[in-house]
Each structure stands twice: as C-alpha cells, then as structure tokens.
There are 2 protein chains.
Amino acid sequence: MVLIMKVRQLTFRLLQVYADVVRTGSLTATANRLHLTQPTVSQQLKRLREIVGEPIVRHEEGRLVPTEVGQALYHLSQDLLSRADVFSQYLEEYNRGGRGHFSIGLVNTAQYVLPRLLGPFSQANPQVDVTVEIGNRQQMLNRFERHEDDIYVFSHPPIDDDVLAAPFLSNPLVVVGPQHCRWASVEGLSMDALKEERFLLREPGSATRHTFDAWLYSAGIELRSTQQIASNEAIRLAVASNMGLAVLSRHVVADSPNGVQELPLQGFPLKSRWHFVIRRQRRLPPAAIRFLSHVQGSLAQAFDEPEGEVAVAALLRALKAER
Amino acid sequence: MVLIMKVRQLTFRLLQVYADVVRTGSLTATANRLHLTQPTVSQQLKRLREIVGEPIVRHEEGRLVPTEVGQALYHLSQDLLSRADVFSQYLEEYNRGGRGHFSIGLVNTAQYVLPRLLGPFSQANPQVDVTVEIGNRQQMLNRFERHEDDIYVFSHPPIDDDVLAAPFLSNPLVVVGPQHCRWASVEGLSMDALKEERFLLREPGSATRHTFDAWLYSAGIELRSTQQIASNEAIRLAVASNMGLAVLSRHVVADSPNGVQELPLQGFPLKSRWHFVIRRQRRLPPAAIRFLSHVQGSLAQAFDEPEGEVAVAALLRALKAER
DNA sequence: CAACACCATAGATAATCATCTATGACTATA
DNA sequence: TATAGTCATAGATGATTATCTATGGTGTTG
C-alpha cells in the first residue's frame, strides 16, 4: 500500500521555504534570503520530502531543480500560500473596518434620520454590509437584552452598568395638526387650549409616547380623548385626515410634510435626543467602529450637531479604552 | 498598526481541527471524532485564534458558531485542505504510475515497433505522458551516458555494471531486394551469389550495420560495392528503385512493404533482439514501471514473445529489488 | 589538481507542540 | 435549584521543531 502524504504535519513555513528554494535553485541562497542558515534549509527540505514521501528536488548541473512531484508541490505551495495571503489581506481590511458586517438596531422614529448617516457611509465603504433592525422601543429593548446587535439607537438609553451611550442627534418632538388646522395661527398656544382635542398616540412601549406622557404628567394635564396607533406613518396620515392631533418627531414631519403641520404650542418642541447605545462588554466589529467614526466626522458639518460630535468622540474613546 | 496573521505558524492540522469544530459546533464532538480529548481541541482552537489574531468562534445558544472572521477562516480551511487533498490524490496516482511522465530513448529501427507497445499503454493511461527520443545507436549511447532518459531500447545493450537489460522482442534482420528481383525465387540462395550486388547500408554507428558487418566478418565475406544511407526509410525507397540490396529489420519491411521484398538468403534472418536498458541506480518514475508491466503483459499475447515476457518480468523484479 | 561553492549530516539546545489528566466555571434543562 | 453537559484553564510530559555551529563530502572551475 502506498503511503499518502502526511498532510497533518504540513506547515506553511515549510511551503514558504520550499517555494523559495525552487525559485532560487539553491539552499544557500534561500538561507540568506530568509535569514536562516544553510543547514536549516537543508533540514526543512528533508522534512518536507518525508512528509510528501517522495523526492521533490534533484541536483542538475549544480542547481536544485524540482522533480516532477516537486513541480506539482511547488504549484501547490504557490497556490496555498497565495490563498493564505488573500485571507491575510482580508483580515487586515476587516481590522481597518473597511470590510465586514455590523448590525444596528433602531427605534422606529430613528429610521427617518439614520439613512442620512448610513447612506454616505455605505457609499464610502461598499464592502461593509450593515443590517438595520427596526422596532419600537420595547422590541429594541428585547434585542438589546439578548445582545443581538452591535449598536442601538434609543432616545432613552436603557440604564445598565454595561451601557455606553452617546447622545448624537436632537430629536425634537412637536405637536402636529392637519394642514388647515385652526390652531396653527394662534399666538401663545398652550396645551390647555388643546385638552379637548383628540390625540393620536403611539403605543405605550414607544419612546415618543413615553416622553409625551412624562411631559403631560409633569404638567398635570390629562387628555380627554386619545387613540392609539402603532405607526408614525399611520398617525401622520390620520392627522392629515382630520382625525386628531399628534405628537411626533419633527423628523417624521419634515421628511414628508404633506397634509400636516407643526403647531406652535408653548413648551414645544419637547427636547429629546437620539443616543448611540453600545454594550461596554461587547467587542464591536471594526466596521462598526468605522461607522461611528464616520458619523462623528459628519455630525458637525452635515447635521450641525457639534455636541453630538463631541459625544460620539467620547464614545469612541471609551470603546478604545475598553478593549 | 494592525498585526497580520502569523502564516508561518499555521498548520494543516490546526485547520483540520478547526474545520471540524465549525462543522460539529462542539469541541467535545470534535474531540471524539478526531480521537482527542476536549482540552486538546480547546487549546488548538486557542492557538489558531492567536495565529489569526482575532476571535474566530463565539458561543451562541450552547453551540460554537464562527464569527465573521471565523467564517472566512472556515472557507479558507476547506479550500486549502481540499487542495492539499487533491495533491495527495495526485501523489497516489503518481505512485501507482497512472499519472506522470517518463522518457524512453529508441534506437532508430525500434521506432517501427515500439508504437505498438506505447499506443495501447497510452490508451490505457491517458494521464501519463511519454517522451520518445529517437536516434541512431551512437546518439542513444550519448544520451545513455548523460542519464537523459528513463528507459532505452537497444539491440546491443551497452556494457556497464550499472546496466539492467531485458531482451524483449526479436528483431530479425533480413536482406531485401526490389519487387521483381531475380533472387527472390532462387532456392538455397547464398551470400556468395550476392557478392557482386551493390549493398545499401546504414552508417557504421547503427546497430543494423554493426550486426551485418559482424556477420560478414565471421563469414569471411567482403562486399564489392556498398553505399551508405542514414535512414531506413531512404534505404527502403532506394532498394525499391533498383539501386541495390539492403539489410533491414524485418519490421521495417513488414511495416510498409511497397516495392521491396525479403530475399530467402541462407543464414538469414540474422537473429537479434531489442533490449530494454535501464540504469540500476536510476530511480524510475512509477509511470515507467507501469509501462514495463504493461509491456510484460502484452508480449505473450500480442507479440508471441513468451521469452520476452520472462525477461521483462525479471527486469521488473530486479528494479523492485534495487530500490 | 587545488580552491571554492554548495549541500548533507551530526550534535546541541531552546522553544513549541500535542497530548493527557484534573479541575473549575458556566449554562441549560429537568 | 440540582444535574448533566460543555468549555476553559492549569499543570505535566514526551515528541517534534527550528535553529544554530561544526564538519565532511561532492562537484565545478580555474
């Protein structure tokens, strides 16, 4: 029975050395090039020969030339080494964040603004693919609990020792009414005046609802009539159809204002900010880091949010320190 | 600066183990499958991780799943391992002689008959390629001196301690004349009768010439008129054109007898045999061995040369003993 | 044929590897 | 919340590797 090659003992080092020997045709030359001594190379060659189980070089006019098997082995070496090299380059690229994948979990409302950050990033980093998960606050909290995503965007970060949060973008909540709403032109409009209106609200799990509720509570106001609708978009359409007023992120309205308008209510817009939320303990893919850097760079110019830029910078520093 | 993978430390063994871990999703399972203990596998994985410089697996619902980098590494492993495997198969095939290369050096006359051996062999072993070198005796002797070929075919093997020779096929030398030659029908035709004829002869380096000269010498005959022509084919044509008689291998005539015929000269055909000639010390490629085996198998049936078969068998035995 | 270049082998050594057993930590499920 | 299963780590050991220096053999070339 013929012995087959002892693949398990094969190392890339041996192949490297061998490939060089074939190229130079000389052990001594290879020894010099690889900063080894000649006997070392000689021995490596011998070992490789034993692994293969067949002579791989022979002497010919003072040079070492590969035998037929040696030729095949040389090709194999080239092939394997270059493949390993490609992988190595991939690794490097991955580490630079120019390649790879990360996932980001968005609270519903944030989906109106995040594309403006993700778009240019993807443009600049076509090899990175991003998974965007979208859900209401509660759904995102669940994902967060289960460590499902690399980055989250919340307006109210969950409280947790493990959490790093950076408020990067303001998210003003405004009251909106239909296009020709009579309240639109009232000076010094106050909530008292609107108490009798019907309010179309997001479900209790949502951040927008939460913020508004808190404000109502602190202002000691109770609404007469409310209706719950789970989607910002549906709410906007309902408002446009005169079904009531609503509190929405200004971004939702700004995005496509057809049929609704912001009302100049005193005390509004409610201030609120989106936060990048990351678990301290989680090791972020380099691509995610790169995304955050990208965001940091564009916040001041494209979004006029210098504070956001500072916060994201701090977040990045914290991440760097964490590892 | 990002560290690149430490390729030189990479082993195929590590890749094997890793690939299995990815497949099973469990260290313990892999340990059992590969007849190792679980800590061993654990450590291998750790080492691989260090070589790559990046986490390659993570726990997920009690299973081990590759990280993104791990995925890429897994693909790499598969790829590299399967390539090594292909090479291993090649090796096996090479060792069986079903693949590879060998060269055979033929004395001119032998080219008329060797195709009948090589043809079926190549048919049966399409992956083997054979280099056939052809020359007259002297040229072949030179090649032999320089160890240029794996197998030689001579009618008179060079004398050398290093030589193994097996007479495998008879090579009868006959006298031929033109188609309607008056000698063709003479009973008991003797050389004496032909002394006055012009003989067309191969050059002195050739085996045919050598044999004929020796015969003439031992018979005490000297030819009146001779002419030297270097090619068997040219001689055959010259004979057909009534330029004289000639001594040729019967195979040359049998091959395409147009215009010439064998003369029934007493003492002819001269007996002579082709020999496979091999240097003891040379390590033959398995394909060459396989060729010899093939020849051995076909000599008895296709050529009615049982003695040749025996001789080749002995040659093969000697070669096997030699290594 | 003397000198030189080149390769092979021997002998030595520190490092690393491949393994094992034993044990501790974590996790999912009964 | 026990229990079983799974992974990680520690510690030990023999085998193998990667290297070196020194030396001897072989073949090439003035």
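Numbers restart at 1 for each chain; the letters A, B, ... are given by sequence-line order, proteins then strands.
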Query raised in the report: Can the ring centroids of B:Phe12 and A:Phe12 be said to lie less than 6.0 angstrom from one another?
Result: yes
Report task. Can you tell me the distance, in whole Å, between the CG atom of B:Leu45 and the C1' atom of D:dT6? Result -> 14 Å
Query raised in the report: Picking from D:dT17, D:dT19, D:dA22, which would you name as closest to the side chain of B:Arg8?
Result: D:dT19
Query raised in the report: So, is A:His59 close to the C:dA8 phosphate, meaning a side-chain N or O under 4.0 Å from OP1 or OP2?
Result: yes
Report task. Using whole Å, report how far CZ of A:Arg13 lies from C1' of D:dT16. Result -> 17 Å
Query - Presence of A:Thr11 side-chain N/O under 4.0 Å of D:dT17 phosphate oxygens OP1/OP2 - result: no
Query raised in the report: Does A:Ser42 have a side-chain nitrogen or oxygen under 4.0 Å from the phosphate oxygens OP1 or OP2 of C:dA8?
Result: yes
Query raised in the report: For B:His35 and C:dC20, what is the distance between atoms NE2 and P respectively, to the nearest whole Å?
Result: 11 Å
Query raised in the report: Does a donor on one side chain and an acceptor on the other come within less than 3.5 Å for A:His275 and A:Ser155?
Result: no
Requested in this report: Specify the separation, in whole Å, of atom CZ of A:Phe12 and atom P of C:dC17.
Outcome: 15 Å
Report summary line: The nucleotide from C:dT19, D:dC7, D:dA22 with an atom nearest the side chain of A:Pro39 is D:dA22
Query raised in the report: Taking the side chain of B:Thr40 as its heavy atoms from C-beta onward, which of C:dC20, D:dC20, C:dC7 lies nearest to it?
Result: C:dC20
Requested in this report: Specify the separation, in whole Å, of atom CG of A:Leu27 and atom C1' of D:dT19.
Outcome: 16 Å
Report task. Check whether any side-chain N or O of B:Gln44 sits under 4.0 Å from OP1 or OP2 of C:dT19, and answer yes or no. Result -> yes
**Report entry** Options C:dC17, C:dT9, D:dT21, nucleotide nearest the side-chain atoms of A:Thr37
**Finding:** D:dT21
Report task. Rounded to the nearest angstrom, tell me the gap between atom CG in A:Leu14 and atom P in D:dT19. Result -> 10 Å
Query raised in the report: Expressed in angstrom and rounded to an integer, what is the separation of A:Gln9 atom CD from C:dT16 atom C1'?
Result: 15 Å
Requested in this report: For A:Leu64 and for A:Gln43, find the nucleotide of DNA chain C with the closest heavy atom, then tell me which residue's nucleotide is more 5'.
Outcome: A:Leu64
Query raised in the report: Which residues satisfy the side-chain contact (heavy atoms from CB on, under 4.5 Å) test with B:Ala29, sequence neighbours excluded?
Result: B:Thr24, B:Ser26
Requested in this report: State whether A:Phe144 and A:Arg279 meet the cation-pi test: NZ (Lys) or CZ (Arg) under 6.0 Å from the six-membered ring centroid, and within 45° of the perpendicular axis.
Outcome: yes
Query raised in the report: With a 6.0 Å cut-off on ring centres, are A:Phe102 and A:Phe291 close enough?
Result: yes
Report task. Specify the separation, in whole Å, of atom CD of B:Glu50 and atom P of D:dA8. Result -> 13 Å
Query raised in the report: Out of C:dC20, D:dT19, C:dT9, which nucleotide sits closest to the side chain of B:Leu36?
Result: C:dC20
